[in-house]
Visitor: 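This is the structure I have questions about; it appears just below.
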Amino acid sequence: MTLAKTAIIGIGATEQGEIPGQSADFLAARAAAKAIEDAGIDKSQIDGLITCKPPMSPAKVGTDENIGQMLGMNPAFASTLEYGPGAFSLHLADAAISAGLAHTVLVTYGTNLRSAGASFGGGTRDWLTLAGLVHIAGPAAMAARRHMHLYGTTEEQLGWVSVAQREWAQNNPIAVFREPMSIADYLASPYVVEPLRRPDLTMISDGGAAVIVTTAERAKDFKKPPVYVQAIAQQSAMRSDQNADKLMRPWIKDIGDRVYKQAGLGPKDMDLVYMQDATSVWVLQMLEWYGFCGIGEAGPFLAEGHTRPGGSLPVNTNGGQLSECYMWNWMHLYEAVRQLRKECGPRQIAKSEVALYAQTHDFYKGAASILSTHAG
Amino acid sequence: MAESKFPNIDDPETAPFWKGTAEGKLLVQACTKCGYLRWPPGPMCNECLSTETTWKEISPTGTLWSYAVYHRAMNPKFKDQIPYTVALVELDEGPRMYGRLVGKPAKVEPGMPVRGVFQEVEPGVMFVNWEIKA
């Protein structure tokens with residue numbers, strides 16, 4: 001392992017689900033206050049602030065100005081990410097600290113998408129709307145269909161993504177969807193965009209989440225055991241429609257190659273895996289590109305139960321966005337830190353020292369981090 | 001800022017495409033410098049960054065890369081059309097396009113050859129949809 005430069009020393013989250021009457025900024029600030037309390041840090045010791053704008057929101061929501069003011073902070077460094085899922089926000093904090101812009105950065109996110117009545121169904125790229133390809137379920141269904149065509153993957157095999165995550169969610173009091181769901185229940189649910197069903201698609205929910213990142217040296221001075229950021233890597237894949245096989249996202253393999261190399265680790269060293277799951281298809285693809293099974297083998301791998309409670313590769317032990325909440329990958333980070341700190345009660349994984357924390361946008365932008373209880 | 005109307009068949013950046021579909025022809029932008037065929041339209045070649053562009057008629061034939069069947073209208077606009085199928089087509093000449101898969105084929109499978117069918121998708125707007133080649 002290489003020596004980590006930064007570590008997470010505090011995490012915070014609000015309740016998740018439907019939280020009417022609270023603004024996105026307030027939810028972000030409430031989560032920040034919880035992270036400050038979790039770390040046992042005084043806010044005057046924080047010299048960096050990163051916020052991010054929630055998707056499908058007005059321009060002035062989620063800015064560092066709004067949230068910094070609410071938190072009464074004068075950080076030396078402040079920035080707002082237009083696209084700031086947990087993974088990208090964490091990377092910016094790591095980069096800012098490594099560059100010397102700040103030594104301790106509060107990173108926070110809040111959303112009231114559910115209460116605001118947001119929907120994924122509106123077309124933003126109008127050539128797609130013209131074709132009727134609306135909502136992320138459409139291209140995700142195409143990607144699933146292509147996988148089925150190329151590798152013989154079945155609907156039942158794909159179903160194990162959401163069934164396994166529901167099993168995990170049953171032991172997570174935060175999770176919005178906790179009622180049992182068997183593979184038979186999954187197969188009995190109607191198609192939304194065939195071959196995808198409702199359990200294959202993320203919910204929309206309200207909530208706040210925050211983390212505090214500091215230098216590896218300082219990290220030992222706080223209340224909770226540090227979770228070190230061992231390695232980070234990204235790939236933007238900005239060519240989008242000009243990329244062949246765009247919907248299969250083969251460029252994710254490049255992120256995996258670099259993040260593993262940087263950490264001096266491989267897929268077999270990961271005790272836990274967190275993968276953002278806008279749809280179940282993201283998990284199907286990332287299991288392959290991050291090397292947990294061969295290309296085209298994710299279907300049988302899932303059906304063998306590896307990702308379920310008790311399986312060899314715990315994936316999204318919080319239930320993910322399919323069962324826990326839709327927090328743009330932030331609650332995957334929250335869960336990863338809690339698992340590495342052994343705070344997860346009945347769903348705690350016995351050997352939890354190293355986690356892969358991966359994210360991808362609809363069909364471009366991906367990021368991965370390796371988080372560890374060891375500095376190096 | 002208000003969203004501009006889409007599709008605007010008089011928009012100079014895309015008008016040649018719409019003029020083509022009205023005549024049952026498929027035109028895409030072709031870079032004058034390197035020849036790269038690009039879709040969707042844009043002001044610059046994604047390959048060589050040249051801004052010199054012409055429109056070229058290409059064959060409305062290709063291969064079905066994949067498809068998705070909408071059983072629920074994810075946008076109220078399509079409420080009266082479900083179930084409907086959207087295709088992603090790899091054109092024989094390179095670009096990839098999304099459009100409806102129309103007709104009542106006995107079997108649909110990625111890899112099948114498809115041909116373009118020019119259909120009115122909004123009043124006065126002809127677009128290219130796709131059908132499985134018999």
Side-chain angles (χ1 to χ4, degrees), chain A residues 58-59 117-153 155 189-198 200-202 204 237-248 279 281 285 363, chain B residues 1 3-8 11 14 17-18 21 36-42 45-47 64-79 81-90 94-102 108-112 121-122 125-130:
Chain A
S119 151
F120 294 115
T124 50
R125 279 166 295 166
D126 284 311
W127 290 103
L128 302 187
T129 307
L130 196 64
L133 193 71
V134 290
H135 196 286
I136 195 64
M142 287 187 174
R145 176 64 66 199
R146 182 76 182 176
H147 201 276
M148 290 167 176
H149 166 71
L150 291 176
Y151 308 118
T153 311
E155 294 182 14
S189 64
Y191 291 123
V192 175
V193 182
E194 188 181 341
L196 303 185
R197 299 168 159 88
R198 177 64 194 88
D200 291 303
L201 308 174
T202 183
I204 294 183
M238 285 287 159
R239 273 174 62 95
S240 189
D241 284 318
Q242 309 296 332
N243 281 329
D245 286 343
K246 166 193 163 190
L247 300 185
M248 304 301 269
T279 80
V281 185
Q285 294 180 336
F363 290 99
Chain B
M1 205 174 78
E3 290 250 341
S4 53
K5 179 183 177 310
F6 190 95
N8 175 4
D11 178 351
T14 55
F17 171 79
W18 298 114
T21 54
Y36 181 68
L37 299 177
R38 68 178 182 268
W39 183 264
C45 176
N46 306 115
E47 284 292 320
L64 184 67
W65 189 88
S66 193
Y67 66 97
V69 185
Y70 280 72
H71 292 263
R72 277 230 316 256
M74 307 305 277
N75 181 322
K77 186 175 165 164
F78 303 115
K79 192 162 56 83
Q81 299 175 21
I82 54 166
Y84 68 85
T85 302
V86 184
L88 171 53
V89 172
E90 276 187 331
R96 289 167 282 274
M97 294 184 82
Y98 297 98
R100 292 294 174 87
L101 189 70
V102 298
V108 182
E109 187 65 29
M112 287 179 135
V121 291
E122 287 179 23
V125 177
M126 299 293 284
F127 189 56
V128 58
N129 286 328
W130 303 93

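Values reported hereafter were calculated over all heavy atoms of this structure, with side chains retained and with hydrogens, waters and symmetry mates removed. Each chain gets a letter, A, B and so on, in the order its sequence line appears, and its residues count up from 1.
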Visitor: Let me know if B/Gln81 has heavy atoms under 4.5 Å from chain A in its side chain, its backbone, both or neither.
Guide: neither
Visitor: Please give me the minimum heavy-atom distance between B/Asn46 and A/Arg239, naming the atom from each residue.
Guide: O-NH1, 3.8 Å
Visitor: Shortest non-hydrogen contact from B/Val86 to A/Met142?
Guide: O-CE, 3.3 Å
Visitor: Going by heavy atoms in the side chains, are A/Met248 and B/Trp65 under 4.5 Å from each other?
Guide: yes
Visitor: Could you check whether atom CZ of A/Arg198 has more than 12 heavy atoms from other residues, nucleotides or ligands sitting under 6.0 Å from it?
Guide: yes
Visitor: Going from CG on A/Asp241 to CZ on B/Arg38, what distance comes out if it is rounded to the nearest 0.5 angstrom?
Guide: 13.5 Å
Visitor: Quick check for you: among B/Glu90, B/Lys77, B/His71, B/Glu47, which has the greatest number of heavy-atom pairs under 4.5 Å with chain A?
Guide: B/His71
Visitor: Looking only at heavy atoms, which two atoms of B/Phe78 and A/Gly132 are closest? And how far apart?
Guide: CZ-CA, 3.7 Å
Visitor: Where do A/Ala137 and B/Met74 come nearest, in terms of heavy atoms and distance?
Guide: CB-CE, 4.5 Å
Visitor: If I take atom NE2 from residue A/His147 and atom OG from residue B/Ser66, how far apart are they, to the nearest 0.5 angstrom?
Guide: 12.0 Å
Visitor: Examine whether an atom of A/Ala140 lies under 4.5 Å from a heavy atom of chain B, and if so say whether it belongs to the side chain, the backbone or both; otherwise answer neither.
Guide: neither
Visitor: Anything under 30° is parallel, anything over 60° is perpendicular, the rest tilted; go ahead and classify B/Trp39 against A/Trp127.
Guide: perpendicular
Visitor: Tell me the closest heavy-atom pair linking B/Arg96 and A/Asn243, and the distance in Å.
Guide: NH2-C, 3.4 Å
Visitor: Any donor and acceptor pair, going by atom type alone, linking the side chain of A/His149 with main-chain N or O of B/Pro110 inside 3.5 Å?
Guide: yes
Visitor: Provide the closest heavy-atom pair for A/Arg145 versus B/Tyr67 in the form atom of the first, atom of the second, distance.
Guide: NE-OH, 3.4 Å
Visitor: Kindly compute the distance separating CG (A/Leu130) from CZ (B/Arg100), expressed to the nearest 0.5 Å.
Guide: 9.0 Å
Visitor: Flag the one option from B/Ala68, B/Pro41, B/Gly94 with the top tally of heavy-atom pairs under 4.5 Å to chain A.
Guide: B/Ala68
Visitor: Please look at B/Phe127 and chain A and tell me whether the side chain, the backbone, both or neither of the residue comes under 4.5 angstrom of a heavy atom of that chain.
Guide: side chain
Visitor: Looking at side-chain heavy atoms only, is the closest gap between B/Leu88 and A/Arg146 below 4.5 Å?
Guide: no
Visitor: Under 4.5 Å from any heavy atom of chain A, what part of B/Thr85 do you find: side chain, backbone, both or neither?
Guide: neither
Visitor: Heavy-atom distance under 4.5 Å to chain A: side chain of B/Pro95, backbone, both or neither?
Guide: neither
Visitor: Considering only heavy atoms and a distance below 4.5 Å, find which of B/Tyr36, B/Tyr84, B/Tyr70 pairs most often with chain A.
Guide: B/Tyr70
Visitor: Heavy-atom distances under 4.5 Å only: say whether B/Ala87 touches chain A with side chain, backbone, both or neither.
Guide: backbone
